[in-house]
Structure formats: structure tokens, C-alpha cells
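See below for the structure under consideration.
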Amino acid sequence: MSLNGKTLFITGASRGIGLAIALRAARDGANIAIAAKTAEPHKHLPGTIYSAAEDIEKAGGKALPLIVDVREEASVYEAVEKTVAAFGGIDICVNNASAIQLTGTLATEMKRYDLMNQVNARGSYLTSKACIPHLKKAANPHVLMLSPPLDMSPKWFKGHVAYTMAKFGMSMCVLGMAEEFREDGIAFNALWPRTGIATAAIQFALAGEEGMKACRTPEIMADAAHAIFEKPSREFTGNFLIDDSFLYGEGVRDFDKYRVDPTTPLMPDFFVPESSKPPPGVVVG
């Protein structure tokens, strides 16, 4: 199945995983609404909604750059309506926008708590809500959260309660909305990486340039997302997927192609349950 002519509404699509998902869909000839805040170049982070639009058009898709703050209800609804006006509907919603700060309770200022929960949990809830009326009209509608499995191990909470709550809030949307909208045929799934992904978050917030070498490229998440969108929405919903395990099930065997530096051991990501084992031949950590 191709995504040719399908319309994707992707939050945080000006760079990183969101842009990679957009570019993969663009190669099929998809329409992409780039819903992100970055209209002007950041001093550290590459990419704006306009540079992303250029890349999407070059890849073969159609792009609609939209300045959107997922914390603002009016901003999200306006962007959704502009997308529908431009492309005639919405087939796929990708909740990729995220905020992160890995600090303990006493070190987390409430404004940072609010930011993470407003962008991650509330923003994903709001964006999904705004898209659902249009997804109900689509032939094979999907909502994808870039969020982890709901593994309630204390180790995922003790170092960064606020961030974990915010990310798990996205996953709880999947858990609930998959059932709520099952009869409407809208699929809600979550996708999460087994390893670090080479994005600005890793480079500037977590591990620096050396840490980037221990990551996989965003293309592994883009390929996994694309494979999810190809699934019949009425048959494939409510899943919490780890990128390489899912792709292995889809027939992928070469995972070295996603490594930034094949000589550097892979960095494990947060929130991957102990029960989730890597595919054969994949060593993490």
C-alpha cells in the first residue's frame, strides 16, 4: 500500500523524527501538514517549518507549513481546518511534538512540569481530538503517538517523575482512544525506539556529539511508522510497538543500516520493558 494522496498532520515535523516520518510519506506522494512552532532558525537546532516544506516537496510530496503551538487550542484547530481546506481531509495524525527534562522532583520547576505535560499529554490529546472528526471520514485512518509502552516499573519514574508522567499520558491516550473509536475504524497506536535516536534532543539535552554515535538514525522510526500506516486501521489498533521488533515482524533483517556509527555500541532508550527483547543479531548497550 502506498500513501500517495494521503494527508498527514504531523506535530513537531520541522526536524528529527517528525520530519523523517514526513519525508518517508512524501516519497509516496503524500500531503504533509507540518504543524510546528519553528518559523525562524534556532541558534542550535536545525530546521524550520519552511525548510521542512522544501525538503518534503523535493522528496515528492506536497507540504503545508503551519505555525502551531500544541498547547493552544485555537492554534491546533485553526491548523487542522487549514489542512482540510488545502488537501480535502486528514488520513493520518502523528503526535510527535514533545518536551523533555530529565530531572527529579525537587529539581523540576513547575513551569517545566507544566510545559512537558502541556506539550506531551495535553497536546497529543488536543491534536487527536481536533483531527478525529476528519479521520472518521477517511478510508484508513491512523493516529500515531511517539510514546512508550505503559510499563509501570518504578525505575522509569524515580529519576524523572514529571517527564515520565507526560510521556505516559500520551500512551494512555492510545490505550483509551483505541477502544473509544474502535467502532469508527480509527487506529490508535504508539511507537517507541529501542535505542537513542540521533536528534537534537540527544545532541543538546542528553548525550552530546559522542552520544549521537551510539544512536540509530530517525529513518528507523520513519520506516516503522510507514509500515503502521499501511496496516488496515480496523484490524491494527491499540498496539505499543518498539521500532526494531515491529520492523523485524514486517520482514526487515538489516538493522545496521540505521546505525550512526556501527563501531559504537548502541545506547538503550528509556521505557523499553525488560520483556521486549531485541531482534536476532541486535545488541544494545
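We number each residue from 1, following the sequence as shown. FYI, side chains are in, hydrogens and waters are out, and symmetry mates aren't considered; it's all heavy atoms of this structure.
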Main-chain N/O of [Y] paired with [X] side-chain donor or acceptor, under 3.5 Å:
X      : Y      : result
Ser75  : Asp69  : yes
Asp184 : Lys136 : no
Thr195 : Cys215 : no
Arg122 : Arg71  : yes
Asn189 : Leu144 : no
Arg112 : Ala107 : no

* With sequence neighbours left out, write down each residue that passes salt bridge (charged side-chain N to carboxylate O under 4.0 Å, His left out) with Asp223, or none if nothing qualifies. =>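 Partners of Asp223 by the salt bridge (charged side-chain N to carboxylate O under 4.0 Å, His left out) criterion, ordered by chain and then number, come out as Arg24.
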
* Which residues pass the salt bridge (charged side-chain N to carboxylate O under 4.0 Å, His left out) test with Asp269, sequence neighbours left out? ->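 So Asp269 forms no salt bridge (charged side-chain N to carboxylate O under 4.0 Å, His left out) with any residue.
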
Below 3.5 Å, can you tabulate the donor-acceptor pairs from side chains in residues 154-163 to any protein atom, sequence neighbours excluded?
{"residue": "Lys155", "atom": "NZ", "partner": "Glu274", "partner atom": "OE2", "Å": "3.2"}
{"residue": "Trp156", "atom": "NE1", "partner": "Asp151", "partner atom": "OD2", "Å": "2.9"}
{"residue": "His160", "atom": "ND1", "partner": "Thr164", "partner atom": "OG1", "Å": "3.0"}

* Nearest heavy-atom pair of Gly5 and Asn31: which atoms, and what distance? ->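 Distance-wise, the nearest heavy atoms are O-ND2, 3.5 Å.
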
* Are Phe229 and Phe240 connected in the hydrophobic side-chain network, where two residues link if heavy atoms are under 4.5 Å apart? ->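 Shared cluster, no.
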
* Return each pair, listed once, that meets ring pair (Phe, Tyr, Trp, His ring centres under 6.0 Å) where at least one residue sits in residues 181-202; pairs must be two or more places apart or across chains. =>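 Every pair satisfying ring pair (Phe, Tyr, Trp, His ring centres under 6.0 Å) with a residue in residues 181-202: Phe181-Phe188, Trp192-Phe271.
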
Could you tabulate the donor-acceptor pairs under 3.5 Å formed by side-chain atoms of residues 49-57, not counting sequence neighbours?
{"residue": "Ser51", "atom": "OG", "partner": "Thr48", "partner atom": "N", "Å": "2.8"}
{"residue": "Ser51", "atom": "OG", "partner": "Thr48", "partner atom": "O", "Å": "3.1"}
{"residue": "Glu57", "atom": "OE2", "partner": "Ala63", "partner atom": "N", "Å": "3.0"}

* Report the residue from Ser98, Ser124, Ser171 that forms a side-chain hydrogen bond (donor to acceptor under 3.5 Å, both in side chains) with Ser147. =>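 The residue from Ser98, Ser124, Ser171 that satisfies side-chain hydrogen bond (donor to acceptor under 3.5 Å, both in side chains) with Ser147 turns out to be Ser171.
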
* Ion pair check, Lys231 and Glu250, cut-off under 4.0 Å ->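 Salt bridge between Lys231 and Glu250, a charged N being under 4.0 Å from a carboxylate O: yes.
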
* Electrostatic pair Arg216:Asp244 at N-O distance under 4.0 angstrom ->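 So Arg216 pairs with Asp244 through a salt bridge.
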
Just list the side-chain donor-acceptor pairs under 3.5 Å for residues 76-90, sequence neighbours left out, or say none.
{"residue": "Glu78", "atom": "OE2", "partner": "Lys82", "partner atom": "NZ", "Å": "3.3"}
{"residue": "Glu81", "atom": "OE2", "partner": "His134", "partner atom": "NE2", "Å": "3.4"}
{"residue": "Thr83", "atom": "OG1", "partner": "Ala79", "partner atom": "O", "Å": "2.8"}

